[in-house]
Every structure is written in structure tokens, then in C-alpha cells.
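Input: a single structure, listed below in C-alpha cells.
Here is how names work: the chains are called A, B, and so on, in the same order as the sequence lines, proteins then strands, and each is numbered from 1.
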Amino acid sequence: MDYKAVMKLALERGFYFPSCEVYGDAHAGFWEYGPSGVSLKNKFLELWRRELIRRDGMLEIDGSQIMSRSVFEASGHMGNFADPIIKCTKCNSTFRADRTIFDITKIEIPENADLNEFDNAITQNNIKCPKCKGDFDKTKKFNMMFKIGIGPEDEEAYLRPETCQSIFVDFPRLFKTMRGKLPLGIAQVGKSFRNEIAPRQSLLRLREFYQAEIEVFCNPSKLSETYRFSEVQDTQIRVQTDAEPISMTCKEAVELGIVPNRFVAYYLGILMEFYEKTGIDITKSRFRKLGDKEKAFYAEVAFDFEVETTIGWLELVACNYRSDYDLSSHAKKSKEKFEVMDNDEKILPHVFEISMGIDRSLYTILEHSLKNDKEHERTVLSLKPYLSPIHVGILSLVKKDGLKEKTDEIFLNIKRKYDAFLDHSGAIGRRYRRLDEIGAPFAVTIDHQTLEDNTVTIRKRDSMEQSRISISEIDSILSESVAFP
RNA sequence: GCGGAGUUAGUUUAGUCUGGUAUGACGUCAGCUUCCCAAGCUGAAGGCCGCGGGUUCAAAUCCCGCACUCCGCACCA
């Protein structure tokens, strides 16, 4: 189904909706998760923890969202996260100064150059607005970070534009106190903030968004060591260098030199295995190797994990080999020591990053899972059972004759263990449809026979099959079916 | 940020040209029906008609500004 259908589902069934919508001064780029969205997000993150954090023995932290100026001076965001922009005095169109100059004159000026350099190039080459031939105003820097004031003196600080800086800053303490050993993954889930010029498409481009980031610290001279590579060597990944994505195993990707080493290939492999379990159609996925122009300012080698949707390819994860860029900058700026011992060798670790966009991933899961079942005239959200906001609907066939009470009793017995939803009202078919639409994999229905022999019918969402089971079996069937893989 | 199209109940939508206080569907709730796949019947709730200003006796409707949503461009470490 398409973006519009997902949006309708999100609004009608409480997955997500615009923030502060009752007020006229609400800003674009802010959305809230409703109950179904939160439940899906929590389960998605639980899967992420199982498939990446626990599997690899990583450490998880939870850092501050507001960080001091020094952090971003060291990280490079003060200088590099800002784009040089020029604005036409006639039509108000805004352009990137460096790109506009390059397009017209083929003169390359680095984006972090002095602003005068751009102004000079524009004057000397008589560059005019490509749209209306108007004159450009002086070059300005637009920084995407939200600046905020701390305390009564409004001291300068910033909302983090990525979660990972706390991981770098905390690395020396974590390595010491947690008895770290390279390679060591440190992870964090949380909000990041970017002042996008034009946020759009709900969860796909937000000003306040969730990231789940992993920074793997490693010894750069040991990237070809096997570690746990054998676990993923036969895992299929789809890799795109220039033309079409090609399916290959992780082992082949390293042998062909497409992925630089086993270390990186291992993480691409476990990431792929994770996404396969989210229910996203991975035949529509690719690891796209980025060229020099596209890479982030800190990245040496970069792969974007992208998935095709009805509105095009979406970047869900950025995988960057950041070398010692971050640790050495923080070491220099803070004058703290960031080197650690790897066996008997003292080194400054390098970093491989797996930076996941949670909101975009959730959108993609919804889009790939939402099906229109024309034969049965229903909309089905065929989520993996372990990701479904509701595991099971508990329904009374009719309210009378003590069926309501019996239903309540069954609900009471399972509601602490499962996400169960109790429903007595309306036609039974309609209640099944409603559960189908929010992705509940099971419905348990209590009828007159239940009172006689303690059996109920259990209905499966995808096949609509029903079978008669005893009440005592509900728990074991659910616990097996909705368990994480 | 530029250009275009929009914004009416939880969702979808008529009405806007031609000004007279909002229509239908779905959904929700209650009751009847006691029923296993969106059944039927009865009833009800639900609208600052995006926000602000102007014109007018009177504005969902005309005019201006703003916000938001979508599309295209630009942007997206």
C-alpha cells in the first residue's frame, strides 16, 4: 500500500499524528506516536536489542539530549554541520553557495571555507540566480543544530543532532569501568534534533526524531581478523556500487573487495538479519556504497542501507567507518586520554558506526506490512507477531448468558503477560476486521460452548483460520507464537 | 526557502464559482437482535468549516496575512 494509505491507518488507529495539532502555531516536522505506534516502536527496539546489542555483547547507554558547545566544536558540527547558503535578493530562492558556484564555474570551494571566498567567487564570475537572474545577497551559514540557552545567563548549548557524541565522550569511562575489550560496541537509542529547512512526509523527515546508534570501537590493524565473521559469512546481502544492487553473501562481498574487510561485513550481515526479522521486504533493500561527494564529513567508507517504498528509496541506516576522527578530536579538545590497551598494544580505536533511523524504519515496516485483502474485503496489517501492537483480541461472541463475565476472566488472566485487547461490542466480523487492521495476529472468541467445556476458538489473522482449543492452551500457544525469534 | 494544489467531525467528503450559519458515507457510543467474518433495525454523541484580520446587515463561501499538509525544485551531516 502507499503513503496515503499508511497515513490514514496511522491517523485512524493511533500509530502517529501531528504534534500540537489543536494550536495554529504548531511547527512542521514534529509528530507524536500514539498507543499503537509506541507499542510497535518498543517491540522494534526490543528486536534491535536482541539482534544487535545482545548478540554482539554491546553496551547500551542513555545520554543527554542537550550537550555543551565544546562537544560540537570537537565533533566538527559547529563548522561542518552548517551549509554556506546564498539567497536571491529578487525571488528569495535559497541555494547552497558551494554547489551553485561549482555548477556554473566548475570552481570547487570547500563548504567550510571562509565566507568571503564564496562572495568573491560570486562577484568575480558575475553569478546570478539560476531562476530569475537576480543578484545574490552575501553568503551566510545555516547551521542545522538547535541552539538553546542554559540557566538565567542563557549559556550556549545545543540539542544533539545525532546521538553518538555521548558515546564518544563517554568512551574512556565506559571502557575502564565496564572492563572493555576491543572490538567493543556501544549503543544508544534516543532523540536527535535537526533544524531541517523543509521537513516533509511525516515520519520520514522530522526535526525531532529517534535514532538507534551503534558505535563499534576497534583496533584498525585487526579489521581482517575473523572475530564472529563465520556467523554471517553465508548471509545474503544486496550491495550496490554503481548500477543495480547485486545479491551476494557477506563472504563474497569481502572477497570481491566491495566491502573493505570482514569486520565491516560482519556488521552489515547482522544488520541485514535484523531487518529481515522486522518483516521489511528485503528483496527491496540495498546497501549502497557512497561516493566521496556523498559521504558525511567524518566518514572514510560509507554504506547506506536503503529500502524501496512507494515514495522511492528510503535511507534507513547509515553505516560509516569514521576512523579515529571522533576520538582524536575529543581527545585534542578535552585534553583527556582516549587511548586504550588492546592486549599489550596501546591504541586510539577506530569507529564503525551503524546509525539507524527509527521513525523511517517504522514507516517502512508499516508500508510493507499493510495489505488490501480484496477477496475478504479487509485491510490487514500483517506485522510479525512479535512486533504487533496487540498480540491478541479477546472477544465475547455475545454479551449475554454469562459470556461477558467468562471473557473478562480470560482477559484478566493474560493481560499482564500479553498485549491483549478486550472487546464485547459490535458484530463479531467487524471486531475481527478491526483487529486485522492494527495487526493483531490472534483473536480468541468465547461462545456458549466455552461455558460447557472450557474451549474457545482462536482465529489467525493472516489465514482467517479458526480452531477450537481449550482455555488452558491459550497461554502456551501465544507464548510460542508471539515470542521473539 | 521558491513554485503549485489543498485544509470542513476520529476518517473520508458535499457545499465555496453564485455569501443567508454545514451534507452524506464510514467509524464511535447506547439499545434491540444472540449472531463466527465490516449483517439488520432504533437512537445518540461528535464541527472555533486550519488560525488571525478585513469587506458585509450577514462569511465555510469574497479579500489580505500566517500556519500546516501534499506535489515539484532546492536542501537532507
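Ring orientation note: the planes of A:Y210 and A:Y33 are tilted relative to one another, at an angle of 30° to 60°.
As rounded to whole Å, 14 Å separates atom C1' of B:C36 from atom CZ of A:R378. Atoms CD1 (A:I311) and P (B:U69) sit 14 Å apart, rounded to a whole Å. Between the CG atom of A:N195 and the C1' atom of B:G1 there is a distance of 12 Å, given to the nearest Å. We find that CD of A:E465 is positioned 15 Å from C1' of B:C36, with the value rounded to whole Å. If you measure from atom CG of A:D401 to atom P of B:U33, you get 11 Å, rounded to the nearest angstrom. Here the C1' atom of nucleotide B:A74 and the CZ atom of A:R96 are 11 Å apart, to the nearest Å. Straight-line distance from the CZ atom of A:R431 to the P atom of B:C29: 11 Å, rounded to whole Å. To the nearest angstrom, C1' of B:A74 lies 12 Å from CD1 of A:I86.
For B:C73, the paired base is B:G1 (Watson-Crick or G-U wobble, both distances below 3.5 Å). Across all strands shown, B:A9 forms no Watson-Crick or G-U wobble pair with both key distances under 3.5 Å. The partner of B:A58, taking Watson-Crick or G-U wobble pairs whose two distances both stay under 3.5 Å, does not exist in any strand shown. The nucleotide B:A44 finds its pairing partner in B:U28, both defining distances of the Watson-Crick or G-U wobble pair being shorter than 3.5 Å.
Remark: the A:R433 side chain and the B:C37 base include a donor-acceptor N/O pair separated by less than 3.5 Å. Judged by distance alone, with hydrogens and angles left aside, A:R459 brings no side-chain donor or acceptor close enough to the base of B:C36 to form a pair under 3.5 Å. For A:E196 against B:C76, no side-chain N or O and base N or O form a donor-acceptor pair under 3.5 Å.
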When you check every protein heavy atom under 4.0 Å of nucleotides 43-48 of chain B, what one-letter string (B, S, -) results, 5' to 3'?
------
Quick one, give me the B/S/- string for nucleotides 4-12 of chain B, reading 5' to 3', where B means a protein heavy atom under 4.0 Å from the base and S means that only happens at the primed atoms, P, OP1 or OP2.
------SS-
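Pairs of residues two or more places apart, or lying in two chains, that qualify as ring-ring contact (aromatic ring centres under 6.0 Å, His included) and include a residue from residues 305-333 of chain A are A:Y275-A:F305, A:F287-A:F305, A:F297-A:Y325, A:Y321-A:H350.
Within the 4.5 Å cutoff, no side-chain heavy atoms of A:I354 are placed close to those of A:E213.
Under the ring pair (Phe, Tyr, Trp, His ring centres under 6.0 Å) criterion, A:Y363 pairs with A:Y3, sequence neighbours left out. Residues passing the ring pair (Phe, Tyr, Trp, His ring centres under 6.0 Å) test with A:F217, sequence neighbours excluded: A:F171.
Look at the P atom in both B:A25 and B:G20: the space between them is 23 Å, to the nearest Å.
Under the side-chain contact (heavy atoms from CB on, under 4.5 Å) rule, A:S463 has a single partner from A:R461, A:K460, A:R459, which is A:K460.
Residue A:R468 is the one, among A:R200 and A:R468, whose nearest nucleotide of RNA chain B lies closer to the 5' end (criterion: closest heavy atom).
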Could you run down the sub-3.5 Å N/O contacts of the protein with nucleotides 64-68 of chain B?
from  : atom 1 : to    : atom 2 : distance (Å)
B:A67 : O2'    : A:G24 : O      : 2.9
B:A67 : O2'    : A:A26 : O      : 3.3
B:C68 : OP1    : A:A28 : N      : 3.0

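Of all nucleotides listed (B:G1, B:C36, B:C70), B:C70 comes nearest to the side chain of A:Y3.
For an aromatic pair to be called close, the ring centres must be under 6.0 Å apart, and A:F44 with A:F274 satisfies this.
The two atoms that bring A:R69 and A:M78 nearest to each other are NH1-CE, 3.3 Å, heavy atoms only.
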